[in-house]
Amino acid sequence: MATPTYQPRSSGNSWRSAPAPVAGGVQRPSHQPRPDERPAEPEGPRPEPGYGLRGPRRHPHVLPPESLPSLGLSVGDDGVVIGIDPQSQPAVLSLLRPRPFEVVLVGSMWMAQVLALRTVATGARVAVETARPPAWGQMAQSAGGGQQCVTVHDVRQIAPQGPSVSSPVLVVRDCGARPPRNQLAPSPWQSVLTLLPFLGPRSPQMLGRADLVGLQRLSPEEAEVVTRVLRLPQQVGQVLPTLSDNAMLWCTSDNHQFVMTTPTDAETQLLGGPRRMD
C-alpha cells in the first residue's frame, strides 16, 4: 500500500484554512471572493452616502410667472350639510366657530337629532342636556361608530366639556319650552343649540339673543310673534304655518333661507321619518 502524503500545516490556528495565493504573491482573505467570482455591478445610479438612492431625473414642472393669475383653488363652505335650498343647492350650516355661538331651534327633537348626528360626522362632540334621556339614548349609542361622541346628561347635571379647536363641542339643550339657565360658560369652539317644542313666555327674548334661529312649522299666532321679533318680511311669516315636516326657515339678523332637510337611509332607520312634533 502506498504511503499517503499530507501537505504541511501552516503556522497558527490549525482550524483555519490557509489563504489562497493570488497573482503577484499577495494572499487574499478567505472570506472574500476571487476576482472571477465577484458579482456584476448593478446598473443605474449608485447610492450616495447618507442620502440613499437618487430619484428619477425628470424635468421639474415649471409655471411661467405670467400664468400665475390663472391658478385657483375652489374651496366651498365648511360645516354641517342641513339640506338643500330652493335652488336645489347644498345648504351648509357653520355650527362650530372660534367664538361662542347660540342657536335656537323651534321644532322637533327629530330635527335636533339629525343636526346632532351630522355634527358628529364632522368630527365634533355633542353633549345633550335633556329632560328625556331615554329618547336620546339610542341615538347616542349609535353615533360615532362605537366611539363616545354623544353624551347624555340630565337637566342641570352637565359638566364643562373642554372644547378646543381640535375637539369642538355642540351642546344641545332639550329642556322644554321653559329651559333653565345654561350652567356652561360661553367658550370658543362650543356652540349651544336650544330646542323649543313651541314658543313660551321667554321665547321672544331667546330668539332676539340668538345668533341663528331655525323654525319648523308654526301656528299662525307663533308665526306672527316670530315675524315681529326677527323682523321678517310678511310674506315669509305667512309661509311658516304651511311648511312641511322636513322644511325649515333659518334666520340670522340680516338674512333668512328656506331649507329642505331630507334624511339619509341610516338616519331614517335610526330616527324614523321627518316630523314636527315628537
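Atoms considered below: every heavy atom in the structure, side chains included; atoms not considered: hydrogens, waters and symmetry mates. Worth saying up front: this structure is predicted, and the values here are computed from it rather than measured. We count residues from 1, following the sequence as given.
A 4.5 Å side-chain heavy-atom check between T130 and V152 finds at least one atom pair inside the cut-off. Side-chain contact between V236 and H256 is present, with at least one heavy-atom pair separated by less than 4.5 Å. Side-chain contact between L243 and F258: present, with at least one pair of heavy atoms (C-beta onward) separated by less than 4.5 Å. S142 places none of its side-chain heavy atoms less than 4.5 Å from the side chain of V150. Counting only heavy atoms from C-beta outward, the side chains of V80 and V92 never approach each other to under 4.5 Å. Taking the side chain as every heavy atom from C-beta outward, L270 and L117 approach each other to under 4.5 Å. You'll find the side chain of L93 stays beyond 4.5 Å of the side chain of V103, heavy atoms only. Here the side chains of E222 and P241 are not in contact, with every heavy-atom distance at 4.5 Å or above.
Of the inter-residue distances, the one linking L95 atom CG with L115 atom CG reads 6.5 Å to the nearest 0.5 angstrom. Atom-to-atom distance recorded for Q216:CD and L240:CG is 11.5 Å, nearest 0.5 angstrom. Distance check: T194 OG1 to E102 CD gives 6.0 Å after rounding to the nearest 0.5 Å. Distance check, rounded to the nearest 0.5 Å: CZ of R202 to CD of Q205 gives 8.0 Å. Separating the CG atom in L212 from the SG atom in C251 is a distance of 8.0 Å, to the nearest 0.5 Å. Here the straight-line distance linking atom CG of L105 with atom CH2 of W250 works out to 5.5 Å at 0.5 Å rounding.
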| request: Begin from the C-alpha positions of R118 and E267 and carry the test salt bridge (Lys or Arg N to Asp or Glu O under 4.0 Å) through to its verdict. | output: CA-CA 10 Å; R118 297 185 181 186; E267 291 169 347; 2.9 Å; yes

| request: Check the pair W136 / V172 against side-chain contact (heavy atoms from CB on, under 4.5 Å), numbers first and verdict last. | output: CA-CA 11 Å; W136 287 86; V172 179; 3.9 Å; yes

| message | Apply side-chain contact (heavy atoms from CB on, under 4.5 Å) to residues M206 and L196 and explain how you reach the verdict. | response | CA-CA 10 Å; M206 298 179 62; L196 302 177; 4.2 Å; yes

| task | List the steps, then state whether side-chain contact (heavy atoms from CB on, under 4.5 Å) holds for Q257 with L249. | result | CA-CA 6 Å; Q257 179 69 66; L249 176 66; 5.7 Å; no

| said: Applying side-chain contact (heavy atoms from CB on, under 4.5 Å) to S244 and M260, what does each step give before you reach the verdict? | reply: CA-CA 9 Å; S244 60; M260 183 77 70; 4.1 Å; yes

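Remark: V225 pairs with L199, P204, R228, V229 by the side-chain contact (heavy atoms from CB on, under 4.5 Å) rule, at least two apart or across chains. R231 meets the salt bridge (charged side-chain N to carboxylate O under 4.0 Å, His left out) test with no other residue; sequence neighbours excluded. Looking at residues two or more places apart in sequence or on another chain, you find a salt bridge (charged side-chain N to carboxylate O under 4.0 Å, His left out) between D278 and R275. In this structure, R125 has no salt bridge (charged side-chain N to carboxylate O under 4.0 Å, His left out) partners at least two apart in sequence or on a different chain.
The closest side-chain donor-acceptor pair between T227 and Q234, if any, does not fall under 3.5 angstrom.
Residue V114 is grouped with residue V128 when hydrophobic side chains (ILVMFWY) are merged at heavy-atom distances under 4.5 angstrom, including chains of intermediate members. Clustering ILVMFWY residues whenever any of their side-chain heavy atoms sit less than 4.5 angstrom apart, transitively, puts V120 in the very cluster that holds F101. Following chains of ILVMFWY side-chain contacts shorter than 4.5 Å, one can reach L232 starting from V104, so the two form part of one hydrophobic cluster. At a threshold of 4.5 Å between side-chain heavy atoms, the hydrophobic network of Ile, Leu, Val, Met, Phe, Trp and Tyr places V213 and M111 in two separate groups. The hydrophobic cluster containing I158 does not contain V126, counting ILVMFWY residues as joined when their side-chain heavy atoms lie under 4.5 angstrom apart, directly or transitively.
Listed by first then second residue, pairs satisfying side-chain hydrogen bond (donor to acceptor under 3.5 Å, both in side chains) with a partner in residues 81-95 number zero, not counting sequence neighbours.
Nearest heavy atoms, S191 versus L96: OG-CA, 3.9 Å. Of all non-hydrogen atoms in Q113 and M139, the two that sit nearest each other are O-CE, 3.8 Å. R276 and P197 make their closest contact through NH2-O, 3.1 Å (heavy atoms, listed as atom of the first residue, atom of the second, distance). Residues D211 and P100 come closest through the heavy atom pair OD2-O, 4.1 Å. Contact detail for G273 and W110: the closest heavy-atom pair is O-NE1, 3.2 Å. In plain terms, the two heavy atoms of L195 and S108 that are nearest each other are CD1-O, 3.6 Å.
Using a distance-only test at 3.5 Å, with no hydrogens or angles considered, no donor-acceptor pair links the side chain of R217 to the main chain of N246. Q190 places no side-chain N or O within 3.5 Å of a backbone atom of V171 that could act as its donor or acceptor partner. The backbone N or O of V239 lies less than 3.5 Å from a partner atom in the side chain of T242, making a donor-acceptor pair. Looking only at distances, no side-chain donor or acceptor of Q141 sits under 3.5 Å from a matching main-chain atom of Q138. Remark: side-chain polar atoms of T268 are paired, donor with acceptor, to backbone N or O of T264 under 3.5 angstrom. Checking side-chain atoms of T261 against main-chain N and O of G83 turns up no donor-acceptor pair under 3.5 Å. A distance-only check finds no donor-acceptor pair linking the side chain of Q161 to the backbone of V169 [under 3.5 Å].
The environment of CD in Q269 is sparse: at most 12 heavy-atom neighbours from other residues, nucleotides or ligands sit within 6.0 Å.
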Under 3.5 Å, which donor-acceptor pairs link side chains of residues 181-188 to any protein atom two or more places apart or in another chain?
residue : atom : partner : partner atom : Å
N182    : OD1  : L184    : N            : 3.1
S187    : OG   : A185    : O            : 3.2

